[in-house]
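Remarks on the structure that follows.
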Amino acid sequence: MSVLSGAALVLGIESSCDETGAAVVDASGVVRSDVVRSQVALHSPFGGVVPELASRDHVRNLAPVVIEALARAKLTLDQVDAVAVTNRPGLVGALLVGVQAAKGLAWAAGKPLYGVDHLVGHLLSVFLRREGEAARPPPEYPFVCLVASGGHTALYRVDGPQPGDITELGATRDDAAGEAFDKVGKLLGLGYPGGPRIDALAAEGHAEAVVLPRPMKGSLEFSFSGLKTSVAARVAKDGVPEGQALKDLCASFQAVVTGALADKLVRAAEQEGVAHVVLGGGVAANRELRARVATLASERGLVAHVPSLASCTDNAAMIAYAGAMRAAREPPDGWDLVATSATVLPRRTRKGRGAR
Ligand code: KG4
Ligand code: ZN
């Protein structure tokens, strides 16, 4: 059943973690507005996201963010065709705020409601067309996508835009890549989030200076917690390095993480026999990762797609687009739509150690 046309406008809402977002996107991926309110400053003193504070801040910010997204798109709620909301995976209290708001808006305006899996949003964010991006060709299905963020790190084969078209090829057994950046950043006294600060310091460091473990070689799974423990052990023994030694440690750590991510993305594409590779998630902001993927892909004759930064980090535009894809094929969700911490995508990698 096709309920929405290609010109349909979808209001998307995102509140799964520490960004409150609302956006209006059409079903061809053109972004009419995209408003993100980050909670980084709120959580920064704690060195990570505090779930209860996140929920309360979403409650405060959701209505203003939705009003601003509609205003920037020069639309009223009556003029959108559907409401899409992240209902999984994420912090349940945070998700609930968005889900309840979306239900209220959809019910009051008489619009269809679509729940969206946040990971499907990341996997499709490469199709968003922001200002100045009209000329960038989208990837062809099937493609392989790496989602690397603070909460998730996994490789997927994507044969189409519906959850049933998406297969996990391998994921992290422990920490997400962004979580590893943030934990190492905290160990090195760099504040939260550590990713961008390590990225900046690494640019002036020597990646060969410190030898660190390279876990899960030869597999499409990842493991970053041993790497973090190895940095922690160095810091416990020698103290937090300063000056050039700090830059060298950041460069060495970043080289191991981005090397594993880029190598496995390309290896997964070759294993699956697909020509297009895609990056998504906040860690895709990392300059070394972007460069490694571009270089490796061109060496192997693959086409690399790296979406704009605004599309990689958490945003509601990707949720609106994924909602539009669902709406083109499926009837709306009911008012009993629930928020849940688990992804709808079948998982191949199991968390934790032990025999497989
Ligand atoms: O996708 P995102 O905005 O939110 C989540 O869903 O987690 O990703 C945030 C993560 C954080 O862990 C942050 O440290 C990391 O992305 N990150 C980076 C960089 N910029 C953000 N990691 C490495 N290098 C960066 N330049
Ligand atoms: Zn995310």
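First listed ligand is number 1; within each ligand, the first listed atom is number 1. Worth saying up front: this structure is predicted, and the values here are computed from it rather than measured.
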*Of all the heavy atoms in Cys17, does at least one lie under 4.0 Å from an atom in ligand 1?*
no
*Option of least heavy-atom distance to atom 18 (C) of ligand 1 (set: Ala202, Gly195, Ser16, Cys312)*: Gly195
_Using side-chain heavy atoms (C-beta onward) and a distance below 4.5 Å, is Val10 in contact with Val25?_
no
_Which heavy atom of Thr349 sits nearest to which heavy atom of Ala171, and what is that distance?_
OG1-N, 2.9 Å
*What are the atoms of ligand 1, with element, lying closer than 4.0 Å to any heavy atom of Gly151?*
7 (O)
*Can you check whether Gly282 has an N/O within less than 3.5 Å of an N/O in ligand 1?*
yes
*Do ligand 1 and Asp314 have nitrogen or oxygen atoms that lie under 3.5 Å from each other?*
yes
*asked:* With heavy-atom distances below 4.5 Å as the criterion, would you say the side chains of Pro241 and Leu188 are in contact?
replied: yes
*For ligand 1, find out whether one of its N or O atoms is nearer than 3.5 Å to an N or O atom of Pro193.*
no
*Salt bridge present between Arg348 and Glu168 (N-O < 4.0 angstrom)*: no
*Applying a 4.0 Å heavy-atom criterion (strictly less than), which segment of Asn286 is in contact with ligand 1: side chain, backbone, both, or neither?*
both
*Answer yes or no: is there an ion pair linking Lys217 with Asp263, defined by an N-O contact shorter than 4.0 Å?*
no
*Can you list the ligand 1 atoms lying under 4.0 Å from a non-hydrogen atom of Asp182?*
11 (C), 12 (O), 13 (C), 14 (O)
*Within the distance-only criterion (no hydrogens, no angle test), does the side chain of Arg72 pair as donor or acceptor with the backbone N or O of Arg32 below 3.5 angstrom?*
no
*For Asp314 and His118, run side chain to side chain contact (heavy atoms under 4.5 Å, CB included): C-alpha distance rounded to whole Å, both residues' side-chain angles, the deciding distance at 0.1 Å, then the answer.*
CA-CA 9 Å; Asp314 281 354; His118 181 82; 3.1 Å; yes
*Who's the nearest protein heavy-atom neighbour of atom 7 (O) of ligand 1, and how far?*
Gly150 N, 2.8 Å
_I'd like to check which ligand 1 atoms, numbered from 1 as shown, lie under 4.0 Å from a non-hydrogen atom of Gly178._
12 (O)
*In terms of side-chain heavy atoms, does Asp26 have a donor or acceptor partner in Ser28 at a distance below 3.5 Å?*
yes
*asked:* Counting the benzene-type ring for Trp, do Phe181 and Phe253 have ring centres under 6.0 Å apart?
replied: yes
*Going by heavy atoms in the side chains, are Tyr141 and Pro161 under 4.5 Å from each other?*
yes
*asked:* Quick check: of its N, O or S atoms, which one does Asp314 have closest to the Zn ion (ligand 2)?
replied: OD1
*Among Leu289, Val283, Val147, which one has a heavy atom closest to atom 15 (C) of ligand 1?*
Val283
*the Zn ion (ligand 2) to His118: any N/O/S contact under 2.8 Å?*
yes
*Considering only protein heavy atoms, which is closest to atom 26 (N) of ligand 1, and at what distance to one decimal place?*
Asp199 OD2, 2.8 Å
_Regarding His152, does it place an N, O or S atom less than 2.8 Å from the Zn ion (ligand 2)?_
no
